[in-house]
Amino acid sequence: MSVVIVGGHERMEVQYKDICKKYKCKVKVFTKMVGNLKNQIGSPDLVILFTSTASHKMVYCAVAESERKNIVVERSHSSSSNALISILERYA
């Protein structure tokens, strides 16, 4: 399963990747807005939006790309490791 995480804290990026690895998921993490975000998202199975730490522009770009490619989007206000684990428990 492939996952894209949009938002979150930079200092947690390694933890996000380790948690996804435990659930046998490939992961891309975008904690900051990059110019070509919609091209870098690709075609994952799941997009996780940490809405409290993502800019409106990042959220809009990720949601628009997900709708265009019929990708499941899961939103979480919390960007903690426990929030990520509970999302992966449901989908992975």
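As a basis for the values below, the full set of heavy atoms in this structure was taken, side chains included, without hydrogen atoms, waters or symmetry mates.
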Side chains of His77 and Ser52, donor plus acceptor under 3.5 Å: no
Over 12 non-hydrogen atoms of neighbours within 6.0 angstrom of NZ in Lys69: yes
Partners passing side chain to side chain contact (heavy atoms under 4.5 Å, CB included) against Asn70 (at least two apart in sequence or in another chain): none
Closest heavy-atom pair and its distance - Ile41, Glu65: CD1-CB, 4.3 Å
Transitive ILVMFWY side-chain link Tyr23 to Val72, under 4.5 Å: yes
Steps toward side-chain contact (heavy atoms from CB on, under 4.5 Å) verdict (Tyr60, Ser55): CA-CA 9 Å; Tyr60 176 77; Ser55 68; over 6 Å; no
NZ-CD distance between Lys32 and Glu13, expressed to the nearest 0.5 angstrom: 10.0 Å
Over all atoms of both residues, closest heavy-atom pair of Val6 and Ala54: O-CB, 4.3 Å
Shortest non-hydrogen separation from Ser43 to Ile71 and the atoms involved: CA-CD1, 4.3 Å
side-chain contact (heavy atoms from CB on, under 4.5 Å) evaluation trace for Ile48 with Leu84: CA-CA 8 Å; Ile48 299 172; Leu84 178 59; 3.5 Å; yes
Residues which pass ring pair (Phe, Tyr, Trp, His ring centres under 6.0 Å) with Phe30, listed by chain and number, not counting sequence neighbours: none
Heavy-atom check, side chain of Arg75 versus side chain of Ile87, under 4.5 Å: no
Flag if over 12 foreign heavy atoms under 6.0 Å of NZ, Lys38: no
From CE (Met12) to CZ (Phe50), nearest 0.5 Å: 8.0 Å
Co-membership, hydrophobic cluster, residues Leu37 and Val73, 4.5 Å side-chain: yes
OH-CZ distance between Tyr16 and Arg11, expressed to the nearest 0.5 angstrom: 8.5 Å
4.5 Å side-chain heavy-atom contact, Leu88 and Ile19: yes
Ile85 vs Ser80, side-chain contact (heavy atoms from CB on, under 4.5 Å): CA-CA, chis, key distance, verdict: CA-CA 9 Å; Ile85 289 169; Ser80 67; over 6 Å; no
Side chains of Met1 and Lys24 in contact at under 4.5 Å (non-hydrogen atoms): no
Check: Ser76/Ser78 side-chain N/O donor and acceptor closer than 3.5 Å: no
Shared hydrophobic cluster for Val59 and Met33 (ILVMFWY, side-chain gaps under 4.5 Å): yes
pair Lys26-Cys20: side-chain heavy atoms closer than 4.5 Å: no
Flag, side chain of Ser79 to backbone of Gly8, donor-acceptor distance under 3.5 Å: no
Value rounded to 0.5 Å, distance of CD in Glu74 from OH in Tyr91: 4.0 Å
Spacing of Ile5 atom CD1 and Thr31 atom OG1 [to the nearest 0.5 Å]: 10.5 Å
Any Val3 side-chain heavy atom under 4.5 Å of Asp45 side chain: no
Which atom of Val47 lies closest to which atom of Ala62, heavy atoms considered: CG1-CB, 4.5 Å
Full working for side-chain contact (heavy atoms from CB on, under 4.5 Å) between Val29 and Lys17: CA-CA 8 Å; Val29 180; Lys17 290 179 181 181; 4.1 Å; yes
Check: Val34 and Asn36 side chains under 4.5 Å, non-hydrogen atoms: yes
